[in-house]
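Let me begin by presenting the structure, written as structure tokens, before commenting on it.
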Amino acid sequence: MTVTDSSLPPPTRDSLTDDLLWRGLIQDSTGLDELRELLDGGETTTYYVGFDPTAQSLHVGSLMQVTTARRLQLAGHRPLLLVGGATGQIGDPKESAERTLNPPEVIAGWVERIRDQLAPFVSYTGDNAAQLVNNLDWTGEMSVVEFLRDVGKHFPVNKMLAREVVRARLETGISFTEFSYQLLQANDFFELHRRYGCQLQFGGSDQWGNITAGVDYVRRRGAGPVQAFTTPLVTKADGTKFGKTEGGAVWLDPTLTSPYAFYQFWLNVDDREVDRYLRYFSFRSRDELEELAKATAERPAARLAQRALAEELTTLVHGAEETRQAVAASQALFGRGSLDDLAPETLRAALTEAGLVRIPGELPDVAGLLRDSGLVTGLKEARRVIAEGGAYVNNNRVTEVDATVSVDDLLHGRYLVLRRGKRSFAGVELGE
């Protein structure tokens with residue numbers, strides 16, 4: 001097995017393997033020479049990456065695997081995107097505690113949702129057309145006796161006990177259900193190799209033990225050879241978990257995380273992280289990324305790298321029109337564009353992120369709106385802000401301390417955008 005490090009030679013610009021290394025996308029591998037042969041040898045390699053349906057949607061943490069799968073297909077290789085209809089019912093062991101098992105019908109619904117989410121990232125036509133697969137197709141029809149005889153006998157228990165996450169759970173306890181997860185994932189690699197000629201698996205670095213168990217299992221079954229690599233776990237600059245905000249996970253499903261909120265997540269990436277994230281997730285070339293890094297360093301306040309990252313990933317996940325709306329909303333809320341051009345869904349999503357206050361019945365005056373929205377602490381401060389010219393309603397400055405609004409001022413018949421100064425804004429929704 002090979003672990004990549006800083007002693008590797010500088011990457012060239014015409015090799016997929018070297019490009020993956022330059023981007024930092026290979027943390028561990030079963031052998032860089034073997035990996036180069038598969039990825040740069042001129043033949044089409046069938047590879048797979050798996051996604052367990054542990055929630056109703058993928059989140060931005062899944063983007064590392066999704067975009068890497070896309071990257072390999074664009075280089076000419078054939079992807080198998082596996083959704084774990086079987087393994088999702090078991091759950092990979094966590095270090096903290098036993099997973100809660102979800103009902104099979106819930107898992108089945110999540111499988112379909114995630115399959116739909118994966119579809120836009122790859123192409124299903126051409127010589128290297130992608131294919132979605134479900135490990136329930138071969139695991140579900142296997143009897144307990146077949147599983148123990150055909151799969152279980154190839155796994156030394158001492159090696160399974162040596163796995164770090166298993167060792168961490170030995171004192172507190174781990175069920176046979178979670179202990180057996182490694183066998184199921186390893187069998188997936190064997191079945192994909194047997195059915196589709198799959199030669200390569202990749203996944204997150206926390207899956208290295210499971211992945212190498214699969215490589216070894218394929219060999220023990222007299223098949224192969226097969227190879228594998230892992231991508232690094234994505235973290236923030238402070239070491240905390242990637243993809244979390246104060247509101248929770250950042251989902252790929254637009255009903256759980258709006259395209260506007262998704263765009264804002266990437267726009268607000270820390271300066272210390274943005275170059276690394278661009279290498280991980282962007283499909284711009286090395287030359288383009290180096291030029292962008294240079295331009296960003298010269299004009300850091302413009303946040304050129306963050307804007308490029310936010311626009312590219314929002315377009316990839318949600319499409320060009322949703323990205324246009326998100327960009328327009330970001331500009332309009334700060335007075336640099338027209339609020340009238342925003343779709344009601346985008347406007348509401350943006351105001352929800354800022355803080356959306358629902359007011360039933362009649363609207364108070366502007367001073368009362370500023371107070372109720374939280375932009376000021378009281379009416380006295382609100383009137384002072386208005387008198388000093390720092391209050392705006394729908395990007396129009398309000399100068400009279402007793403100014404009022406009417407239903408005619410409501411955007412889409414129900415929203416108002418309030419702003420204090422240049423950067424503090426909030427939303428009001430008129431409702432029952």
Side-chain angles (χ1 to χ4, degrees), residues 56-60 63 66 113 116-121 243 245-269 281 303 306-360 363 366 369-370 372-375 391-398 405-420 422-432:
Q56 61 182 310
S57 170
L58 298 175
H59 51 76
V60 293
L63 276 179
V66 174
R113 289 173 66 101
D116 291 342
Q117 283 184 344
L118 291 171
F121 291 95
T245 67
E246 292 182 3
V250 180
W251 304 99
L252 303 193
D253 188 326
T255 65
L256 300 176
T257 298
S258 71
Y260 175 82
F262 186 87
Y263 175 84
Q264 289 293 318
F265 171 78
W266 298 105
L267 190 63
N268 292 319
V269 161
F281 302 118
R303 299 179 69 79
Q306 282 90 343
R307 293 181 188 281
L309 180 65
E311 291 185 22
E312 182 173 354
L313 288 182
T314 307
T315 300
L316 181 63
V317 174
H318 295 296
E321 177 56 26
E322 290 290 358
T323 303
R324 188 192 69 78
Q325 283 279 318
V327 172
S330 295
Q331 295 173 343
L333 291 176
F334 294 104
R336 298 191 297 273
S338 173
L339 292 167
D340 296 327
D341 295 337
L342 301 182
E345 298 83 5
T346 303
L347 179 61
R348 192 179 201 285
L351 295 179
T352 299
E353 288 295 303
L356 181 61
V357 177
R358 173 170 283 193
I359 298 179
L363 290 167
V366 174
L369 289 170
L370 291 172
D372 294 345
S373 68
L375 289 176
Y392 298 81
V393 176
N394 295 346
N395 287 339
N396 297 312
R397 177 177 283 159
V398 179
V405 294
S406 70
V407 293
D408 293 335
D409 296 312
L410 295 172
L411 299 168
H412 301 294
R414 61 187 309 152
Y415 302 109
L416 290 172
V417 178
L418 308 178
R419 182 156 51 90
R420 177 183 178 180
K422 292 183 177 180
R423 301 196 61 81
S424 299
F425 70 90
V428 170
E429 180 181 12
L430 183 65
E432 299 299 329

[Y] side chain reached by [X] side chain, heavy atoms, under 4.5 Å:
| X | Y | value |
| --- | --- | --- |
| Leu339 | Leu333 | yes |
| Asn394 | Leu416 | yes |
| Tyr260 | Leu342 | no |
| Ser258 | Tyr263 | no |
| Val60 | Val317 | no |
| Leu63 | Phe121 | yes |
| Val417 | Val393 | no |
| Arg414 | Arg358 | yes |

For [X] against [Y], the heavy-atom pair lying closest together:
| X | Y | answer |
| --- | --- | --- |
| Thr346 | Gln325 | OG1-OE1, 3.2 Å |
| Arg336 | Ser330 | NH2-O, 4.2 Å |
| Ser57 | Gln117 | OG-NE2, 2.9 Å |
| Gly319 | Thr323 | O-OG1, 2.9 Å |
| Gln56 | Leu256 | CG-CD1, 3.8 Å |
| Ala326 | Pro259 | CB-O, 4.3 Å |

Could you grab the distance from atom [atom1] of [X] to atom [atom2] of [Y], nearest 0.5 Å is fine?
| X | Y | atom1 | atom2 | result |
| --- | --- | --- | --- | --- |
| Ser424 | Leu370 | OG | CG | 11.0 Å |
| Glu312 | Trp266 | CD | CH2 | 10.5 Å |
| Leu411 | Leu430 | CG | CG | 12.0 Å |
| Leu252 | Leu316 | CG | CG | 9.5 Å |
| Leu363 | Asp409 | CG | CG | 9.0 Å |

Side-chain donor/acceptor of Thr314 to backbone N/O of Glu311, under 3.5 Å: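 Absent.
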When you measure from the side chain of Arg303 to the backbone of Val269, do you find a donor-acceptor pair of N or O atoms at a distance under 3.5 Å?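 Between the backbone of Val269 and the side chain of Arg303 there is a qualifying donor-acceptor contact (under 3.5 Å).
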For Leu58 and Leu118: C-alpha separation, side-chain torsions, deciding distance, then whether side-chain contact (heavy atoms from CB on, under 4.5 Å) applies. CA-CA 9 Å; Leu58 298 175; Leu118 291 171; 3.6 Å; yes
According to the salt bridge (Lys or Arg N to Asp or Glu O under 4.0 Å) rule, which pairs have a member within residues 252-263, sequence neighbours left out? Arg113-Asp253
For residues 318-329, which residue pairs pass the salt bridge (Lys or Arg N to Asp or Glu O under 4.0 Å) check, not counting sequence neighbours?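 As it turns out, the salt bridge (Lys or Arg N to Asp or Glu O under 4.0 Å) pairs with a partner in residues 318-329, which skip direct neighbours, are Glu321-Arg324.
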Derivation and outcome, side-chain contact (heavy atoms from CB on, under 4.5 Å), residues Leu369 and Ile359: CA-CA 9 Å; Leu369 289 170; Ile359 298 179; 3.6 Å; yes
Checking Leu418 against Val428 for the side-chain contact (heavy atoms from CB on, under 4.5 Å) test, could you report, in this order, the C-alpha distance in whole Å, the side-chain angles of both residues, the deciding distance, and whether it holds? CA-CA 8 Å; Leu418 308 178; Val428 170; 3.7 Å; yes
Passes side-chain contact (heavy atoms from CB on, under 4.5 Å), Glu429 versus Arg348? Steps please. CA-CA 9 Å; Glu429 180 181 12; Arg348 192 179 201 285; 3.0 Å; yes
Going by ring-ring contact (aromatic ring centres under 6.0 Å, His included), name the pairs with one or both residues in residues 310-343, residues two or more places apart or in two chains.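 As it turns out, the ring-ring contact (aromatic ring centres under 6.0 Å, His included) pairs with a partner in residues 310-343, which skip direct neighbours, are Phe262-His318, Phe334-Phe425.
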